[in-house]
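Below, chain A is the first sequence line, B the second, and so on; all start at residue 1. Note that the structure is a prediction, hence the values are computed from the model and not measured.
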Amino acid sequence: MCFASWHENRIMAELTVFNFNPKNSFLHKLDARFKIVCFILISIASIKAYTVSLVVLTCLVFYIILTVCISFKSILTELRFFFILLAFIFIARVFIAPDLSASYFKNFSLLWHSIYDAVLVCWRLLFVVLLGLIFVSTTRPSDIRIAVEWFLMPFPFIRGKRIATMMSLIIRFVPLVLDQARETIDAQRSRGVENRKNPVYRLIKLIIPVMYRIFEKADKLAVAMEARCFSEKRTNKALLSGKKDWIVLFGVICLCILLSTIDT
Amino acid sequence: MNIIEITNLRHQFADKSIGIDDISLTVKEGEFVVIAGRNGSGKTTFLRHLNGLLLSDTGVVKIGGISVSDNIQMARQMVGMVFQDPDTQIVGETVFDDVAFGPENLCLDKHEVKRRVIKALKAVDLINMADQRPHVLSGGEKRRLAVAGVLAMEPRVIVFDEPFSDLDYPGVRQVLHQILSLHKAGHTILMSTHDLEKVIVHADRLLIMSKGKIVMDDEPEKIIKNVEAFGVRQPCASRLGMKIESWLN
């Protein structure tokens, strides 16, 4: 296998989970606008959720992950850095307690309460991230763009179309920017940049060429878009909502109300 | 019938250097023209005048009898441009979305957009990858996707700027095969390259550019022996006095 195809396979492996995964599940068929509203409602509900509600929500998320065929292994791989962040949050919540006296560690009920509290915070954060992952992997980026445009339409001073186009271009170009940064890092490592211990020097030497290439690519992109007659007045794919979208929204609202009553 | 008519085209950059120096040229509908020259000879600058990405200081560029500066939208629809770096011209988040970008900009009806996208993806044999993200395609596939993006606008002229750069042998063959199919289907093809080896056997006409001027313009076999004076390497077979073979054989 040549290096190029190995490199491509590696990129494919790295970018599979946090991107749209074309499948034919129930969630894939839902209207993006309804999905965004449901996502926001459930996220808000989860902020105030305690153990029982979180168990219900987590079971629901796991069921959805199974139905939309996302591999748990790739989720764990993708979220590896997020788990480190969660570990920091956990430590901070437990050890940076309001009263860090010796009695805090001797008083097990206080310590236990802090640990419980930290677990809940991490659980909620992980839940919202998993929800986001499900949303991104079941919704076409173009549908997200059109939905954002639709939500921004009532605001007269916000150029919804432009914001939505910028958003979709960012989604499209994040992998390219990451590739560019990776390539520059490799090129600099091969020329011994690791021998320089000053992190500021290394950061400057990385940022300048990466930014230069990104601006250059952005310029070429603008020319290519112009060559294909880009304008804000263009045909948009219509989002169609049906009975099932309203049923799901109603279900989510009921679930949120139920969850808010369970733990209180 | 002449699809491209250029009269006394001249372009000066902001730093006063001359990009194009008094070019007059006509291209017949259905012709396959290769434009060669060393780096900085003005090939890309010249090609960008064909769809109004650059506008001339003096001179006229007409596509299908209509001046580009009078109707840029029409010029961009009639002259599709495939750029050197496919990564910077693919704007869609999926293969389908990218091909739909051009027709959507033309404000076509959404059924017509879908029809054109499917037709273009079939033409470049990427229909099975419609839901893939462009980032994960191979170099040759990305180049074909860029071609599909242009085809969906149903142009009469297709301009390729260094289409074989950064491609491996199978990638070159894929793209070359695609270009020849488009030519066979009746499109007028203009291609800039400094590597004649891969394509010249299929071309009807060879233009050599130097310092913003067209210094040679004839059938390839008539001028191929003299191209090295202008920084373009003569194909290996031609140097050895042999017949030039197609890369598709």
With the side chain counted from C-beta on, respond yes when [X] and [Y] share a heavy-atom pair under 4.5 Å apart, and no when they do not.
X        : Y        : answer
B/Leu106 : A/Arg234 : no
B/Val91  : A/Met225 : yes
A/Thr235 : B/Asp109 : no

Look at B/Asp98 together with A/Arg228 and state whether they make a salt bridge at an N to O cut-off of under 4.0 Å.
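A salt bridge is present here (some side-chain N lies under 4.0 Å from a carboxylate O).
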Report, as yes or no, whether the 6.0 Å neighbourhood of atom [atom1] on [X] holds more than 12 heavy atoms from other residues, nucleotides or ligands.
X        : atom1 : result
A/Lys23  : NZ    : yes
B/Tyr169 : OH    : yes
B/Lys110 : NZ    : no
A/Phe81  : CZ    : no
A/Arg213 : CZ    : no
B/His177 : NE2   : no

Which one of [options] has the most heavy-atom pairs closer than 4.5 Å to chain A?
options                                : value
B/Asp131, B/Val150, B/Asn105           : B/Asn105
B/Gly149, B/Ala100, B/Pro155, B/Pro134 : B/Gly149
B/Gly52, B/Gly102, B/Cys107, B/Ala75   : B/Cys107

Could you walk me through whether A/Asp179 and B/His135 pass side-chain contact (heavy atoms from CB on, under 4.5 Å), step by step?
CA-CA 10 Å; A/Asp179 269 3; B/His135 185 67; 3.0 Å; yes
Please assess A/Ser142 against B/Asp97 for the test side chain to side chain donor-acceptor pair (under 3.5 Å), listing each intermediate value before the final yes or no.
CA-CA 7 Å; A/Ser142 57; B/Asp97 293 342; 3.3 Å; yes
Any pair with a residue in residues 69-85 of chain B that passes side-chain hydrogen bond (donor to acceptor under 3.5 Å, both in side chains), sequence neighbours left out, goes on the list, sorted by first then second residue, please.
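Non-adjacent pairs meeting side-chain hydrogen bond (donor to acceptor under 3.5 Å, both in side chains): A/Glu226-B/Arg76, B/Ser67-B/Ser69.
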What part of B/Asp87 is in contact with chain A, defined as an atom under 4.5 angstrom from a non-hydrogen atom: side chain, backbone, both or neither?
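Interface part for B/Asp87: both.
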Contacting region of B/Ile90 [heavy-atom separation from chain A under 4.5 Å]
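Both parts, backbone and side chain.
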Testing the basics here: between A/Ala224 and B/Phe83, what is the closest heavy-atom pair and its distance to 0.1 Å?
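A/Ala224 and B/Phe83 have their closest heavy atoms at CA-CE1, 3.8 Å.
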Is there any ring-ring contact (aromatic ring centres under 6.0 Å, His included) pair reaching into residues 211-252 of chain A, and which pairs are they, with sequence neighbours excluded?
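Found A/Phe34-A/Trp246, A/Phe230-B/Phe101.
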